[in-house]
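The structure under discussion appears below in the form of structure tokens.
Reckoned from all heavy atoms, side chains included, excluding hydrogens, waters and symmetry mates.
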Amino acid sequence: LNYFQTTTNANLSNNFSFGSGSKLSSSIFSNINFQKVEDSQGKGSDVFNTILGYNGMLKEMNANFNISGNYFRNQIDTIASVGYGPTASISKQFLENKALSLAFNFTFLVSVFNGTKNNDTQNLGLRASYKVGAKHTFSAQSNLIQKTTYVAGAQSFSEIKAMINYAFRF
């Protein structure tokens, strides 16, 4: 048995922050990731992921917001899968000790398979977190996910996912 696989990875990330002395501190960020895999028979895949976005923080309100764009492309032989879409989120901390936080996020992703639009996926999320002292955190999260398919025989669906979490730090 004579088999080998080579993997090549490249990653580029940056984060540029500005406005730290003002009411609104901001940052622009990006991340680009590429991976190439090839085996001893010459078969392989290429994976490309990128994100570009903006973060803002309103200090007096203890609030953060984010907007970003996502793109990925996966190529395996003659099969190409592409996805793209925006993400937006907003979060706010409450109480004097910032023990309570609420966050809302939305993502819309378009998926294309070999040049044909395959589906749209929407994810709407809400999260609440409460810290008790320095060691305990209780949180709850809920997501509404809707997937609309455009391929014959594939089924569109909607689902709600919920999670309750307790964390103890020591």
Set of side chain to side chain donor-acceptor pair (under 3.5 Å) partners for [X], sequence neighbours left out:
| X | answer |
| --- | --- |
| Y54 | S26 |
| Q75 | R73 |
| T137 | R169 |
| S158 | Q146 |

When rounded to the nearest 0.5 angstrom, what is the spacing between [atom1] in [X] and [atom2] in [Y]?
| X | Y | atom1 | atom2 | answer |
| --- | --- | --- | --- | --- |
| L12 | N31 | CG | CG | 8.0 Å |
| S139 | M163 | OG | CE | 6.5 Å |
| S13 | I32 | OG | CD1 | 8.5 Å |
| I79 | N74 | CD1 | CG | 11.0 Å |
| T7 | N9 | OG1 | CG | 6.5 Å |
| S81 | F72 | OG | CZ | 4.5 Å |

Show me the side-chain donor-acceptor pairs of residues 57-70 shorter than 3.5 Å, one per line, residues at least two apart or across chains.
from : atom 1 : to  : atom 2 : distance (Å)
K59  : NZ     : S20 : O      : 2.2
K59  : NZ     : S22 : O      : 3.4
N66  : ND2    : N55 : OD1    : 2.7
N70  : ND2    : G85 : O      : 3.2
N70  : ND2    : T87 : OG1    : 3.0

> Taking only residues two or more places apart in sequence, or in another chain, which ones meet S142 in a side-chain contact (heavy atoms from CB on, under 4.5 Å)?
Replying inline: I160
>> Go through it in stages, so that I can follow the logic: the residues are V37 and Q5, the test is side chain to side chain contact (heavy atoms under 4.5 Å, CB included), and I'd like the CA-CA distance, side-chain angles, deciding distance and then a yes or no.
In response: CA-CA 7 Å; V37 177; Q5 175 180 311; 3.4 Å; yes
> How would you list all residue pairs meeting salt bridge (Lys or Arg N to Asp or Glu O under 4.0 Å) that involve residues 129-150, not counting sequence neighbours?
Replying inline: none
> Is the backbone N or O of I145 less than 3.5 Å from a side-chain atom of N143, with the two atoms forming a donor-acceptor pair by type?
Replying inline: no
> When you measure from the side chain of N33 to the backbone N and O of N11, does any donor-acceptor pair fall under 3.5 Å?
Replying inline: no
[X]-[Y] co-clustered via ILVMFWY side chain contacts under 4.5 Å:
| X | Y | result |
| --- | --- | --- |
| V110 | F106 | yes |
| V82 | F48 | yes |
| V112 | F108 | yes |
| L24 | I90 | yes |

> What pairs with D120 under salt bridge (charged side-chain N to carboxylate O under 4.0 Å, His left out), at least two apart in sequence or on another chain?
Replying inline: K117
>> If the condition is salt bridge (charged side-chain N to carboxylate O under 4.0 Å, His left out), which residues does K92 pass it with, not counting sequence neighbours?
In response: none
> Going by the side chain to side chain donor-acceptor pair (under 3.5 Å) test, which pairs reach into residues 37-52, not counting sequence neighbours?
Replying inline: K36-D46
>> Can you confirm whether N15 sits close enough to S17 that some side-chain heavy atom of one is under 4.5 Å from a side-chain heavy atom of the other?
In response: yes
> For Y166, what are the other residues in its hydrophobic cluster, where any two members join if their side-chain heavy atoms are less than 4.5 angstrom apart?
Replying inline: F94, L95, L100, L102, Y130, V132, F138, F168, F170
>> Testing the 3.5 Å rule here: is there a donor-acceptor pair between the side chains of S30 and N14?
In response: yes
> T149 and Q155: side chain to side chain contact (heavy atoms under 4.5 Å, CB included), yes or no, with the steps?
Replying inline: CA-CA 6 Å; T149 61; Q155 187 174 359; 5.6 Å; no
>> Tell me whether E159 at atom CD has more than 12 heavy atoms from other residues, nucleotides or ligands lying less than 6.0 Å away.
In response: yes
>> Are there over 12 heavy-atom neighbours, none belonging to F34, within less than 6.0 Å of that residue's CZ?
In response: yes
> So which pairs with a foot in residues 9-31 pass ring pair (Phe, Tyr, Trp, His ring centres under 6.0 Å), sequence neighbours left out?
Replying inline: F16-F18
